[in-house]
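Right, one structure below, let's go through it.
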Number of protein chains: 2
Amino acid sequence: MLKVPNHQVAGHQAGDGKLGPLVDDSGNFYKPLQSDDRGSNEVFFYTSFSSNTNIPNHIRRFFPTFHGTQLIEASNGSGKQPHLVLQDIFSGRLNPSIIDIKIGSRTWYPQASEDYIQKCFMKDTKRSSLALGFRIDGLQIYESEGSGFWKPDRKLIHKFTAEDVRLVLRRFISSNSFAGVDPDCTFASTIYGGSGGILAQLLELKEWFEHQTIFHFYSCSVLMVCEKESVVKEMSSGAEVKLVDFAHVVEGKGIIDHNFLGGLCSLIKFISEILTCSDVHTAKASLQDP
Amino acid sequence: MLKVPNHQVAGHQAGDGKLGPLVDDSGNFYKPLQSDDRGSNEVFFYTSFSSNTNIPNHIRRFFPTFHGTQLIEASNGSGKQPHLVLQDIFSGRLNPSIIDIKIGSRTWYPQASEDYIQKCFMKDTKRSSLALGFRIDGLQIYESEGSGFWKPDRKLIHKFTAEDVRLVLRRFISSNSFAGVDPDCTFASTIYGGSGGILAQLLELKEWFEHQTIFHFYSCSVLMVCEKESVVKEMSSGAEVKLVDFAHVVEGKGIIDHNFLGGLCSLIKFISEILTCSDVHTAKASLQDP
């Protein structure tokens, strides 16, 4: 039984006769192959990445598992269409908070057409990519059983400034993630911090990007996922970093991906600052305890 | 007594009635203030940098010391003109080998005019900046007492590909740095390697750039300097890294300089590779020794 994913925060979405990804109950995610070069390029990336023995296993875990391609009934009713079969990274998660962050101050690759470069260039300038080295492309943050998720409209996300990005990254790890409230960053040390936290995972990725010259990841996203309820109930945050969207990956040709690395370092700085700040808050709070 | 510097490898050069920097015998470097915003911007940077107490001393040493501004006779005979008074970083050096590397895949800042961005963008694409995250802007490499320096023409430098850059970075630390010869990388471990070597200095800079959000250094150069003769005679390489050219520095506003950091990491990767390779060569050679 294929169905529309519950937790998609960016990209083309299935439903209302539109083409988009589907999931099944066995933990698979079916992504329709885009009809232009993007589709074949993403298949090429997954195939090449899967078989490349130079990718260390601790890096491989940041990528969805690839199970090949398959013809399945497309979500828009256009009949059987080729889909990438990938790991459904949200399978088994109840109320995941997710931020989709497109990394890089530029989303276009040097070999692209002039029109394409111009289009991306305008978008990178309008959005926060040029200034921050990354931009938030989609998000859902779990608030409570009563109010569900905060999932702002695309138009709002497209207007995010550096300050908005800071606020979202703080709401992501707060117990009071409601609009108009100063986020308390309660879960910072469990979700961002610690040896299995988001920051540690991003630093592991960074270390790889300082050396790897195999691929350049243009217009690729880092997904940050966590489950706040689990922190409270089980003291486990479910903090996970995944890379997705490889339609614009090109060969590295012996050069590191300085565009991705620069953006990733900028994101790491944003998160480190929240962690340092919240440490200070926690320390202050414990000093004030009777 | 002011004179034209002996070891300038890039930028406007004095002489033949042209405006350019001058040096004196006391170790000062006089750089004419460019008449447009660039002049005042560079003065502003040096003033602000000098007085900023958040710059650690181990980072300050990568910048030329600033001694204010002074009216002196300009090199083009136009009378007294304002100059920046800086440390002459080549003072006391006999036959320094120098590479001037402009860091960043883009040399323009987001606030610049559309015309300026377009001009820089074209240059960054034609030269190696976009691909490598940096470009060589000038160089002189000491060969021998007989043949002096290899100092290629600007037009040749402007055509440098990734492979040319690799070759230049190898010639910089070779005893046989002649055209058409495969560089032997004899001095790699003393000039690039070691605790005081170029790589260690670049890594120290990188560590700062991962955190500092005070300045964004657009169109700024890393100078790499060494003295091959000293390695042979005194077992000291004179390896030094300096940052120069701050006419396009802008405020960081709480964001790291991901454009500079990305390019710097790319340069570090090029140099690490040469060092690793030459280690392998040295190991092989010592294994082959009787």
Side-chain angles (χ1 to χ4, degrees), chain A residues 103-106 108-112 114 117-118 121-122 124-135 161-163 165-166 202-203 206-213 216 218 250-274 276-277, chain B residues 103-106 108-112 114 117-118 121-122 124-135 161-163 165-166 202-203 206-213 216 218 250-274 276-277:
Chain A
I103 305 286
S105 72
R106 70 191 152 80
W108 49 272
Y109 46 102
Q111 305 86 342
E114 217 168 290
I117 292 178
Q118 193 54 30
F121 184 86
M122 294 295 287
D124 296 344
T125 309
K126 267 190 192 163
R127 310 275 301 271
S128 74
S129 301
L130 191 62
L132 309 189
F134 65 87
R135 67 177 180 239
T161 62
E163 278 323 297
V165 168
R166 250 180 254 279
L202 293 175
L203 288 171
K206 165 181 172 251
E207 206 268 331
W208 184 60
F209 271 93
E210 285 174 350
H211 300 284
Q212 77 85 15
T213 61
H216 284 191
Y218 291 103
V250 298
E251 282 180 50
K253 295 183 180 167
I255 318 290
I256 65 161
D257 189 352
H258 45 86
N259 176 61
F260 189 100
L261 179 58
L264 183 62
C265 289
S266 177
L267 174 62
I268 286 172
K269 172 69 176 174
F270 271 75
I271 291 183
S272 306
E273 275 181 348
I274 293 171
T276 317
C277 262
Chain B
I103 305 286
S105 72
R106 68 190 155 81
W108 50 271
Y109 45 102
Q111 306 85 343
E114 218 169 291
I117 292 178
Q118 192 55 30
F121 184 85
M122 295 294 287
D124 296 344
T125 309
K126 269 191 191 162
R127 311 273 303 270
S128 75
S129 300
L130 190 62
L132 308 189
F134 65 86
R135 66 177 181 237
T161 62
E163 277 323 297
V165 167
R166 251 181 253 278
L202 292 176
L203 288 171
K206 166 180 171 252
E207 207 268 330
W208 186 60
F209 270 94
E210 286 173 349
H211 300 284
Q212 77 86 13
T213 61
H216 285 191
Y218 291 102
V250 299
E251 281 179 52
K253 294 182 181 167
I255 318 290
I256 66 161
D257 189 352
H258 45 86
N259 176 60
F260 190 99
L261 179 58
L264 183 62
C265 289
S266 177
L267 174 62
I268 285 172
K269 171 69 176 174
F270 271 76
I271 291 182
S272 306
E273 275 181 346
I274 294 172
T276 317
C277 263

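Quantities reported herein were computed from a predicted structural model and do not represent experimental measurements. Below, read A as the first sequence line, B as the second, and so on, with proteins coming before strands; counting in each chain starts at 1.
Only the side chain of Phe270(B) comes within less than 4.5 Å of a heavy atom of chain A; its backbone N, CA, C and O stay farther away. Only the side chain of Ile117(A) has a heavy atom closer than 4.5 Å to any heavy atom of chain B. In this structure, the portion of Leu261(A) lying under 4.5 Å from any heavy atom of chain B is its side chain and not its backbone.
In this structure, CD in Glu210(A) is found 10.5 Å from NZ in Lys269(B), a value given to the nearest 0.5 Å. The distance from atom CD of Glu273(A) to atom OG1 of Thr213(B), rounded to the nearest 0.5 Å, is 6.5 Å.
Considering all non-hydrogen atoms of both residues, Ala162(A) and Ile255(B) come closest at CB-CD1, 4.2 Å. The heavy-atom pair separating Gly262(B) from Ile256(A) by the smallest distance is O-CD1, 4.3 Å. Closest non-hydrogen pair, Leu130(B) versus Pro110(A), comes out as CD2-CB, 3.9 Å.
Note on ring orientation: taking the six-membered ring where Trp is involved, the planes of Trp108(B) and Phe121(A) are tilted (angle from 30° to 60°).
Under the 3.5 Å distance criterion, the side-chain polar atoms of His258(B) are left unmatched by any main-chain donor or acceptor of Ser266(A).
The local environment of CD in Gln111(B) is crowded, with over 12 non-hydrogen atoms from other residues, nucleotides or ligands closer than 6.0 Å.
Contact count versus chain B (heavy atoms, under 4.5 Å) is highest, among Arg166(A), His216(A), Lys253(A), for Arg166(A).
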